[in-house]
Amino acid sequence: MYHQPVLKNRRTLLERAEKFISEIYFTDCNLRGRWWTCWFKVSLRIPDSWRGKQVHLRWESDGEAMVWRDEQPVQGLTKEGEKTSYVLTECLEDEEPHSISLYVELACNGLFGAGQGSMIATPDPDRKYSVQKAELVVFKQEVRELLTDLEMLVDVVKLLGEGEQRGYQALFTANEMVNLCEPTNPSSFPAARSLAQKFFSQRNGESQHTVHAMGHCHIDSAWLWPYEETIRKCARSWVTVIRLMEKNPHMVFTCSQAQQFEWVKSWYPGLFSQIQHFVEKGQFIPVGGTWVEMDGNLPSGESMVRQFLEGQRFFKQEFGNYCKEFWLPDTFGYSAQLPQLMQCSGITRFLTQKLSWNLVNTFPHNTFFWEGLDGSQVLTHFPPGNSYEMKGKVEDLVNTVKNNKDKGRANHSAALFGFGDGGGGPTQLMLDRLDRVQDTDGLPRVQMSSPDRLFSELEADSSLLCTWTGELFLELHNGTYTTQAQIKLGNRQCETLLHDVEVASSLALCLDKTFQYPSQQLQILWRQLLLNQFHDVIPGTCIEMVVEDALRYYQGNTDSTDTSVAVLNTLPWERTEVLPLAGGAPEHQQPCLGRVTDYYSVNSHRSLAQCSYSKHNTMVLFFHISTRKLFRARMKPFSLLCVCSREAISHGCSGNQFVVFDDVPLYWDAWDVMDYHLQTRKPVVEVVRPVQVSSPGGLRGSVTFTLRISDKSTITQEIILDAMCPYVRFNTQVEWLESHKFLKVEFPVRVRSPNATYEIQFGHLQRPTHRNTSWDWARFEVWGHKWADLSEHGFGVSLLNDSKYGYSVYQNTLTLSLLRAPKAPDANADMGSHQFTYAVMPHTGTFQEASVIQWAYNLNNPLRLIDHAPGFHTASRSAFSVSAAAVILETIKQAEDRKDALVLRLYESHGSSVTAYLTSCFPITEAWHCDLLERVDPSRPAPITASGISISFNPFQIVSLLLYLK
């Protein structure tokens, strides 16, 4: 690597190195500003007099620690996770080494990061960590056993209450144990323990509820710590689980997220080999089937497909099996398309618990069938204990039975035990608690179990289970649709770029068999994008260091995929658009997914638009969209008054009205926006720079203006009308330096409808525009993707965007959420400059008839100006097209394991049953239906006819085809 020569000045070079590790200077960009660990060498000698004893290293520190022995990680230690000792020997023998050297790696963070004063506080760079204890101790197992007996008995007394005979039996048993036990005389312990064992061994009746206990360790792939620290958290937690499995052969541990397994494989290969061994034994059980536990709302449909594709393929390759259960316990809501995505990925079961966090309404089921947008169903279980980090206590078991909302319909439930979020996992004490009450009268049966065993029991007795249709909407954390706007923008842009690169590469492959499809590079880029879709990253609920990492990944995606002068259309329909070309029109059109029927340079002199001021200080822009249609927008200095030939904006109101709200939640700052924020609405009305005509006509008419939000924040906007375009576009730049404020834009429209429609993954759904019930009211802020629509019979208005996800439609007002300003866990969240685009599109007929779906794709997938790729011809052609407007060709990619085949993914977007024909200019020898894992269904060839490949769709159905090329 070449470096510019520097003057070899000792002082400057030395001081540079000193500053790079300084605790005082430049900590924003030196090593001290990163998460870091320090190492302790521990030399110890066990006294000979401890022969026959169980000897531990006792270690207590503020930070998480890892014990290394013989150059291998052997034990995680964390005070918060109740793991403060490493077992040196179970029973010291003469032939064992008495002198031992260990290394302890200590992280400068606890289980929940490095915040000061509050768990979600911004990391404190000045926070100090200390080691409180480093001791060689004899562990007295008999004392621990007696303590556990008494703890469990006392909990039974408290939780069963005075009305239960069994509670009194526990009370008298505990009292008699105290009578028998002499703390200074260990020989009295066995008699006391025998009383406890007699109580715990009194069995249940056959009808008692069964709790399926599974060890678990939910580790956020990033949250209050960066990705780098998560790698160490995984190692600390999982090596501890391995030690527990060695001691407890009946223990079962469930573990999700292929990305975390891949990290451990790369950084701790010895540990990964041990994990593979216990996976084969059936104790360490990979679950989930996805690359990470992603957000359930914001990733695109294709991103969710890739979560399953990358995750399931990893689990199959490394452990020999696909996952049967989708595992997403901590995500902030669940898309109505997830059941279909699961089914098409070989998964029929789903476990989560997050809807127990609902702020307003209590979800009515724990075990039920969840029916998705297309009618696909999956058996779904919410552990009734409402937690994924139980501790094996009596309280956990009692709550599991008490909270079960499907009593009489389901007699089996999961109990996930182990410290979570920041890792940690199960402890020996938790296992000991559960072992005591496997079949104890008065408590549910407890068995160490697996997800497969739990769901098999539920499936065997599922005839009375209820069905929930549609999305699983979390009535909390709806600020996550907007927080950290740059992450949302990066996600949308990278999803689009990867789509376009795959399309262009697939077309190049079809044209030139020597073309090397960049499959390995694309996998790296996809995995980085999927990682950033983790449920604390894309929602924006992470610390600033994670935001920086995420934005760096997005930039890497852009740098690796962006190209720059022919026109490439990566969407499967014809497009006519105005392009800003500095050097005039390109010489050629490249082969496109859909044809580019016409394109114009904005400096063309063809006059299709006019822009002018009226004497009433209003701006009028109008275009001839075709020879017979007129599209007009009339504006005041900074707001829209009417759009289209029919008045679209409500009488006396202004569209494009910016509004600011106070935004102070109860606790979860980056997560929550509360309903009471709606009472603090303040319109943005102060004009800094009045409306000016920036493009007077021709192919584009546009005006610009600047508004002041506060003394620190401004909005500059260009409102654009292009020839042949049915929407008004708003290119927006915001300088945003607020604190606990929420910026939105409103469009009160002349439409009356009880429901608004929102795009989701591979489809759309409706939500109410009224607040009749508490379920309606709880949806005061909702999520959607590229568009939302409010329509009555014959007319409607759609709101399109290129990077936003938060919406609100109340009565007749369409509102798009733009920016928030929370201060925890990132004190600088969303501060700075933002650029984004949204558009308003009035239409006649339904949004389906007006092609709103296609126009939203156009806004997000601009025509690409690219260099000539190898094998690309200069003639204009359409590579693939679909005969039905309702069917969207979403994805074209090379097949995972077949270099001579493409995978095409299509979906029905209108909510209709339809048969479509897929045609191509390329010769195709065979076509087969496959699932999302690209496994061919040998019973379902796709017939190739003279009209093309015939495909039948149900409403919102996703279809994947494997096409063999000639």
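If you check the side chains of Arg243 and Gln428, you find no donor sitting under 3.5 Å from an acceptor. In summary, the side chains of Glu96 and Thr89 do present a donor paired with an acceptor at a separation below 3.5 Å, with no hydrogens or angles considered. Counting only N and O atoms by type, the side chains of Asn248 and Gln283 include no donor and acceptor under 3.5 Å apart. Side chains of Ser345 and Gln312: a donor-acceptor N/O pair is absent below 3.5 angstrom, by distance only. Counting only N and O atoms by type, the side chains of Gln208 and Asn411 include no donor and acceptor under 3.5 Å apart.
Between Phe272 and Phe319, the ring planes lie tilted relative to each other; the angle falls in the 30° to 60° range. Ring pair His212/His412 is tilted by interplanar angle, where 30° to 60° counts as tilted. Ring geometry, Phe455 versus His381: the interplanar angle exceeds 60°, so the pair is classed perpendicular (tilted spans 30 to 60°). Taking the six-membered ring for Trp and thresholds of 30 and 60 degrees, His535 and Phe332 have ring planes more than 60 degrees apart, a perpendicular arrangement.
A salt bridge links Glu229 with Arg236: the distance from a Lys NZ or Arg NE/NH1/NH2 to an Asp or Glu carboxylate oxygen falls below 4.0 Å. Asp149 and Arg436 are joined by a salt bridge, as a carboxylate oxygen and a charged side-chain nitrogen come within less than 4.0 angstrom of each other. Contact check on Lys393 versus Asp396 returns no salt bridge, with no Lys/Arg side-chain nitrogen under 4.0 Å from an Asp/Glu carboxylate oxygen. Taking a cutoff of 4.0 Å between a charged side-chain nitrogen and a carboxylate oxygen, Lys265 and Glu262 do not qualify as a salt bridge.
Contact between Gly289 and Cys323 at its shortest, heavy atoms only, is N-SG, 3.5 Å. Shown here for Ala65 and Val104, the closest heavy-atom pair between the two residues is CB-CG1, 3.8 Å. When all heavy atoms of Ala222 and Val546 are compared, the closest pair comes out as CB-CG1, 3.7 Å. The shortest heavy-atom contact between Gly113 and Tyr129 is O-OH, 3.9 Å. For Glu934 against Leu309, the heavy-atom pair with the smallest separation is OE2-CD2, 4.1 Å. Taking both residues in full, the closest heavy atoms of Pro384 and Thr400 are given as CB-O, 3.2 Å, listed atom of the first, atom of the second, then distance.
Centroid-to-centroid, the aromatic rings of Trp238 and Phe261 come within less than 6.0 Å.
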Subject >> Pair Ser99-Arg45, side chain to side chain donor-acceptor pair (under 3.5 Å): steps then yes or no >> reply: CA-CA 4 Å; Ser99 295; Arg45 174 169 177 78; 3.2 Å; yes

**OP:** Take Gln260 and Ser221, measure what side chain to side chain donor-acceptor pair (under 3.5 Å) needs, and give me the verdict at the end.
**Re:** CA-CA 7 Å; Gln260 295 184 3; Ser221 291; 3.0 Å; yes

Original post:
Does the side-chain contact (heavy atoms from CB on, under 4.5 Å) test come out yes or no for Leu224 and Asp421, once each step is laid out?
Top reply: CA-CA 10 Å; Leu224 304 176; Asp421 289 331; over 6 Å; no

**OP:** Run the numbers on Phe326 and Trp370 for ring-ring contact (aromatic ring centres under 6.0 Å, His included), then give the verdict.
**Re:** CA-CA 13 Å; Phe326 184 38; Trp370 180 22; 8.7 Å; no

**OP:** Show the numbers, then the answer: is there a side-chain contact (heavy atoms from CB on, under 4.5 Å) between Asp70 and Gln72?
**Re:** CA-CA 6 Å; Asp70 300 327; Gln72 293 295 320; 5.6 Å; no

**OP:** Take Tyr227 and Asn532 through the test side-chain contact (heavy atoms from CB on, under 4.5 Å) and record every step on the way to the result.
**Re:** CA-CA 10 Å; Tyr227 290 131; Asn532 279 350; 2.7 Å; yes

Subject >> Thr348 vs Leu379, side-chain contact (heavy atoms from CB on, under 4.5 Å): CA-CA, chis, key distance, verdict >> reply: CA-CA 6 Å; Thr348 58; Leu379 179 58; over 6 Å; no

Subject >> Stepwise ring-ring contact (aromatic ring centres under 6.0 Å, His included) check, Phe350 with Tyr334 >> reply: CA-CA 11 Å; Phe350 176 42; Tyr334 305 89; 5.5 Å; yes

**OP:** Could you walk me through whether Trp68 and Trp39 pass ring-ring contact (aromatic ring centres under 6.0 Å, His included), step by step?
**Re:** CA-CA 10 Å; Trp68 291 73; Trp39 290 77; 5.7 Å; yes

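When atom types are taken as modelled, the side chain of Thr84 and the backbone of Glu60 share no donor-acceptor pair closer than 3.5 angstrom. Judged purely by atom type and a 3.5 angstrom limit, Gln523 has no side-chain atom pairing as donor or acceptor with the backbone of Gln520. Between the side chain of Thr240 and the backbone N or O of Gly76, at least one donor-acceptor pair lies under 3.5 Å. The closest donor-acceptor contact from the side chain of Gln257 to the backbone of Ile219 lies under 3.5 Å. Side chain of Gln343 to main chain of Gln377: a donor-acceptor pair is present (N/O by atom type, distance under 3.5 Å, no hydrogens or angles). The main-chain N or O of Gln533 is never found under 3.5 Å from a side-chain atom of Asp295 such that the two would form a donor-acceptor pair. With hydrogens and angles disregarded, no donor-acceptor distance shorter than 3.5 Å links the side chain of Ser456 to the backbone of Arg453. At least one donor-acceptor pair under 3.5 Å links the side chain of Lys83 to the backbone N or O of Gly424. The closest donor-acceptor contact from the side chain of Thr230 to the backbone of Pro226 lies under 3.5 Å. Side-chain N or O atoms of Lys391 include one that pairs as donor or acceptor with a backbone N or O of Glu389 at under 3.5 Å.
Within 6.0 Å of NZ on Lys324 lie no more than 12 heavy atoms contributed by other residues, nucleotides or ligands. For Gln132, the CD atom sits in a packed shell: over 12 heavy atoms of surrounding residues, nucleotides or ligands are nearer than 6.0 Å. For NZ of Lys899, the number of neighbouring non-hydrogen atoms (other residues, nucleotides, ligands) closer than 6.0 Å is 12 at most. Dense packing is recorded around CZ of Phe112, with more than 12 heavy atoms of other residues, nucleotides or ligands lying under 6.0 Å away. Heavy atoms from other residues, nucleotides or ligands lying under 6.0 Å from NZ of Lys79 number more than 12. Around CD of Glu280, the count of heavy atoms belonging to other residues, nucleotides or ligands within 6.0 Å does not exceed 12.
To the nearest 0.5 Å, the span separating CD on Glu151 from CG on Asp432 amounts to 10.0 Å. Atoms CE and CG, from Met66 and Leu77 in turn, are 9.0 Å apart once rounded to the nearest 0.5 Å. For the atom pair Leu338 CG and Met294 CE, the distance stands at 5.5 Å (nearest 0.5 Å). Rounded to the nearest 0.5 Å, atoms NE2 (His218) and CD (Gln353) are 9.0 Å apart. Rounding to the nearest 0.5 Å places CG of Asn366 at 11.0 Å from CG of Leu458.
In this structure, the side chains of Asp330 and Asp220 come closer than 4.5 Å at one or more pairs of heavy atoms. By the 4.5 Å heavy-atom criterion applied to side chains, Leu529 and Ser303 are counted as neighbours. When side chains are defined from C-beta on, Tyr388 does not count as touching Leu351, because their heavy atoms never get closer than 4.5 Å.
Considering Leu443, Val446, Val401, Leu397 in turn, Val401 is the only one that fulfils the side chain to side chain contact (heavy atoms under 4.5 Å, CB included) rule with His209.
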